[in-house]
Asker: 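This is the structure I want to talk about, given as structure tokens.
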Amino acid sequence: MEQFSLFKNSKEPETEQTVSETPSNSPIAHSPSPVTCLSFDIEATGRNPISDSIVGIALCKEKGKAYYVPIRHAHGTNIPDALNILKEVLEDESIPKVGHNLKYDILILRQEGIHVKGRLYDTMLASYLLNPNKPDHSLENVCLEYLFYKKRPFTEVLGKRHSFSEVPIDDATQYAAEDAELAMELKDILFEKLKKEGLEDLYFNMEMPLIYVLTDMEEIGVRINKERLEELSKELDRELGIIESMIYAIAGESFNINSPQQLQKILFEKLGLKPLKKTKTGYSTGVDVLEELSKTHQLPAEMLNYRTLYKLKTTYVDALPKLIDKKTGRIHSSFNQTVTATGRLSSSEPNLQNIPIRGEWGTKIREVFIADKGCILISADYSQIELRILAHISGDKGLIDAFSKDIDIHTRTATELFNIPKESVTEEMRRIAKTVNFGVVYGISPFGLSEALNITPKEAATYIEQYFNKHDGVKNYMDDAVKMARENGYVRTLMGRKRPIPEINSHNTNIRQQAERLAINTPIQGTAADLIKIAMINIWQRLKEGNLKTRMILQIHDELLFEVPETELEPAKKLITHEMENALSLSAPLKVDIGWGKNWAEAH
DNA sequence: GCCGTCACG
DNA sequence: ACGTACGTGACGGCA
């Protein structure tokens, strides 16, 4: 799979270029050889690929001919040796595999000891690359859009039955075989469109290989200290009980603390506190408001405390143990590849990309994520990845200079904003500069910055003006990104990933300005997403080639977490750092911070 | 099923 | 006059 190296050092960075018009900075290696493809679709008992078992497999080699192979139907003829026969075909590296959401099928097959190999054509991922704004890339929807065909929905075939295995064999065959055939039909149509849009490089060399990386991550999962979570739950119970009675005492009555509606009545009617912000449905009781009100009253202060602990208890401490898989004893999150508009992954059931990190409870919860016996966790995260990417795509001299010298970027920005030497930068100034740097990446506006810093929009505008004075490259990038979006109706990342921005010419100022911020932010956030995907594929490949036992287990946007045998610690650290820092060659160097320990808190 | 809220990058 | 920072997922309340 040498094509992955194409992403590496493929071309000298073009500092003049702002938003890449041409889709990619790497040449197309070769179109895949049109060997006979096999389209397949797995029918299984449920929705959880790690534990569910297979019911049947649909196969299609050419349009008009599709088959259904019943494996474990409740009634009728099953074909006992089918899996063994199919294993050979599915594991044949020379036969490309076509399917819709292949990660799911591959995971189910792993349960049966079948390790799918070979080139992949996933029609769901094709649909995603063609338009990542779409909320639904189900086979139903993709068929509707590209084949103008309304598929019979799965729920209708299932009826009131509990499992696909109970569906009468004729119905099951009809349904399953059609799925396999539709994927085969979609493959050619979508591939042509990908080519036309300049997306086939991303498709074949990034999203398809990533499927194998993500299936491994999902299959391996992460180990959790269940007993410790149960202790933490009791501890939180006690604390919450105390705070709860305190809140009732201060309020002078008991009410449902978790109801924002009831809290509003207490705060703004009974206690007569000033409502500071509105929501669609009433007065806001969010963090910003409660923090402000805390200055004058004890109730909002206690509410903040309560909300923090309640959130941690319900969303993490109590939820995680329920998701430990009975077979593996570990937690197997889903890494979703077709959700975000920017190209990032998302994680669900559970979301392991938003595990708490801040505060004492953040540490306590991260300590629960532990390495297996004889193993260590390695955490490797990109330092300032988005600002480094901004430096590259904008070609801003000041930013590139700062990163080339590995200068603390927020302190550097503070010296520029306040016109002072770095020795004079205070904590407060650095905090402001940090917020400005974040704002720049988001498509800064005086109002947004003023909200974030709790200052007036006028003061915020002064900071922004001062920032652009020192960074005209960044200013030019922003103007170009918006211009590009207006002319084309979309923006692209450095690797050519597309995101349509249909609202860019809206007559509604708010909508249009929001679209402009997307045009600015998406190439940055999206390029960071592309970059870490390249690193993941290369690391996965090298671990495999080197027969290492080190396993990638989580991706958190700019961080990768690995479970590493103690004996592999040194080589793994070296390999990971090298592949992450050299995933792409940018005009601002990439920097990776690496840490390790027995649990995630220690590793970070 | 939507809303507000809040955990993360 | 309005109302905005970018990207997610999960929880409880409420209609």
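Convention: sequence-line order gives letters A, B, ...; per-chain numbering from 1.
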Asker: Do the charged groups of A:E581 and A:K591 touch, with an N to O distance under 4.0 Å?
Answerer: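 Between A:K591 and A:E581 there is no salt bridge, as every charged N stays at least 4.0 Å from the carboxylate O atoms.
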Asker: Distance between the P atoms of B:dA7 and C:dC2, in whole angstroms?
Answerer: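 Straight-line distance between the two P atoms is 30 Å.
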Asker: What I want to find out is whether A:R228 reaches A:E231 closely enough, with some N-O distance under 4.0 Å, to be called a salt bridge.
Answerer: yes
Asker: Ignoring hydrogens and geometry beyond distance, is a side-chain donor-acceptor pair present between A:Q353 and A:Q555 at under 3.5 Å?
Answerer: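 The answer is yes; a qualifying pair exists.
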Asker: Atom CG of A:L263 to atom P of B:dT5: distance rounded to whole Å?
Answerer: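 From A:L263 CG to B:dT5 P: 9 Å.
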Asker: Check this one for me: any side-chain N or O of A:R344 less than 4.0 Å away from OP1 or OP2 of C:dT8?
Answerer: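 No, outside the criterion.
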Asker: Over how many whole Å does the gap from A:L240 atom CG to C:dG12 atom C1' extend?
Answerer: 14 Å
Asker: If only side-chain N and O atoms of A:T285 are considered, is one of them under 4.0 Å from the OP1 or OP2 phosphate oxygen of B:dT5?
Answerer: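 For B:dT5, OP1 or OP2 has a side-chain N or O of A:T285 closer than 4.0 Å.
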Asker: Side chains of A:M478 and A:V440: closer than 4.5 Å at any heavy-atom pair?
Answerer: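 SC-SC contact between A:M478 and A:V440 confirmed.
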Asker: Does the side chain of A:R497 reach to within under 4.5 Å of the side chain of A:M206, using non-hydrogen atoms?
Answerer: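 A side-chain contact under 4.5 Å exists here.
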Asker: CZ of A:R497 versus P of C:dG7: gap in Å, rounded?
Answerer: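 For the pair A:R497 CZ and C:dG7 P, the rounded distance is 15 Å.
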Asker: Hey, can you pull the residues of residues 345-365 of chain A with a non-hydrogen atom under 4.0 angstrom from DNA chain B?
Answerer: A:Q353, A:N354, A:I355, A:P356, A:I357, A:R358
Asker: Side chain of A:R307 only, please: which of C:dA10, C:dT8, B:dT5 is the nearest?
Answerer: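 Out of C:dA10, C:dT8, B:dT5, the nucleotide with an atom closest to A:R307's side chain is B:dT5.
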Asker: Between A:T279 and B:dG4, is there a side-chain N or O to OP1/OP2 distance below 4.0 Å?
Answerer: yes
Asker: For DNA chain C, whose closest nucleotide is more 5', that of A:H557 or that of A:P260?
Answerer: A:H557
Asker: Using a heavy-atom cut-off of 4.0 Å across all strands, would you classify A:A341 as base, sugar-phosphate, or nothing?
Answerer: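 Sugar-phosphate, no base atom in range.
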Asker: When you measure only distances, ignoring hydrogens and angles, does the side chain of A:N510 come within 3.5 Å of the base of C:dG3 through a donor and an acceptor?
Answerer: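 Answer yes: a donor N or O sits under 3.5 Å from an acceptor.
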Asker: According to the Watson-Crick and G-U wobble definitions, with both distances under 3.5 Å, which nucleotide is paired to C:dC2?
Answerer: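 Pair assignment: C:dC2 / none.
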Asker: Just wondering, more than 12 heavy atoms not from A:E427 lying within 6.0 Å of its CD?
Answerer: no
Asker: To the nearest angstrom, how far is A:N336 atom CG from C:dG9 atom P?
Answerer: 6 Å
Asker: Quick check on C:dC14: is either OP1 or OP2 less than 4.0 Å from any side-chain nitrogen or oxygen of A:Q262?
Answerer: yes
Asker: With heavy atoms under 4.0 Å as the rule, sort A:G286 into base, sugar-phosphate or nothing.
Answerer: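 Sugar-phosphate: the residue A:G286, judged by heavy atoms under 4.0 Å, touches backbone atoms but no base.
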Asker: Report yes or no: does A:D122 contribute a side-chain atom to a donor-acceptor pair with the main-chain N or O of A:N101 at less than 3.5 Å?
Answerer: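 The answer is yes, because a donor-acceptor pair under 3.5 Å joins these two groups.
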Asker: Please classify the nucleic acid contact of A:R512 as base, sugar-phosphate, or nothing, using heavy-atom distances under 4.0 Å.
Answerer: nothing
Asker: For the residue pair A:S506 and A:N508, confirm or rule out a side-chain donor-acceptor distance under 3.5 Å.
Answerer: no
Asker: Under 4.0 Å, heavy atoms only, any strand: does A:T435 hit a base, just the sugar-phosphate, or nothing?
Answerer: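 Base: the residue A:T435, judged by heavy atoms under 4.0 Å, touches a nucleobase.
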Asker: In whole Å, I'd like the distance from the CD atom of A:Q513 to the P atom of C:dT4.
Answerer: 12 Å
Asker: Tell me whether the OP1 or OP2 atom of B:dT5 has a side-chain N or O from A:S284 closer than 4.0 Å.
Answerer: yes
Asker: Using the P atom on both, measure B:dC3 against C:dG3 and round to a whole Å.
Answerer: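 It works out to 15 Å between them.
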Asker: Taking the basic N atoms (NZ, or NE/NH1/NH2) and the acidic carboxylate oxygens, is any pair closer than 4.0 Å for A:E516 and A:R486?
Answerer: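 Here A:E516 pairs with A:R486 in a salt bridge, since their nearest N and O are under 4.0 Å apart.
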Asker: Hey, does the side-chain of A:K280 have a donor or acceptor N/O within less than 3.5 Å of a partner on the base of B:dC3?
Answerer: no
Asker: Looking at C:dA10, C:dC14, C:dA5, which one has an atom nearest to any side-chain atom of A:I444?
Answerer: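 So the side chain of A:I444 is nearest to C:dA5.
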Asker: Whole angstrom is fine here: how far is it from CG in A:L312 over to C1' in B:dT5?
Answerer: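 It is 13 Å, rounded to the nearest whole Å.
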Asker: Let's see if you can work this out: which of C:dA5, C:dT8, C:dC6 has an atom nearest to the side-chain heavy atoms of A:V339?
Answerer: C:dT8
Asker: Does A:N258 make a side-chain N or O approach to OP1 or OP2 of C:dC11 shorter than 4.0 Å?
Answerer: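 Looking at the OP1 and OP2 atoms of C:dC11, neither is under 4.0 Å from any side-chain N or O of A:N258.
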Asker: Rounded to whole Å, please give me the gap between NZ in A:K278 and C1' in B:dC3.
Answerer: 17 Å
Asker: Which nucleotide in the list C:dT8, C:dC6, C:dC14 gets nearest to the side chain of A:S259?
Answerer: C:dC14
Asker: Please give the distance between the P atoms of B:dG4 and C:dA5 as a whole number of Å.
Answerer: 13 Å
Asker: Check the distance between C:dA5's P and A:Q525's CD and give it to me in whole angstrom.
Answerer: 15 Å
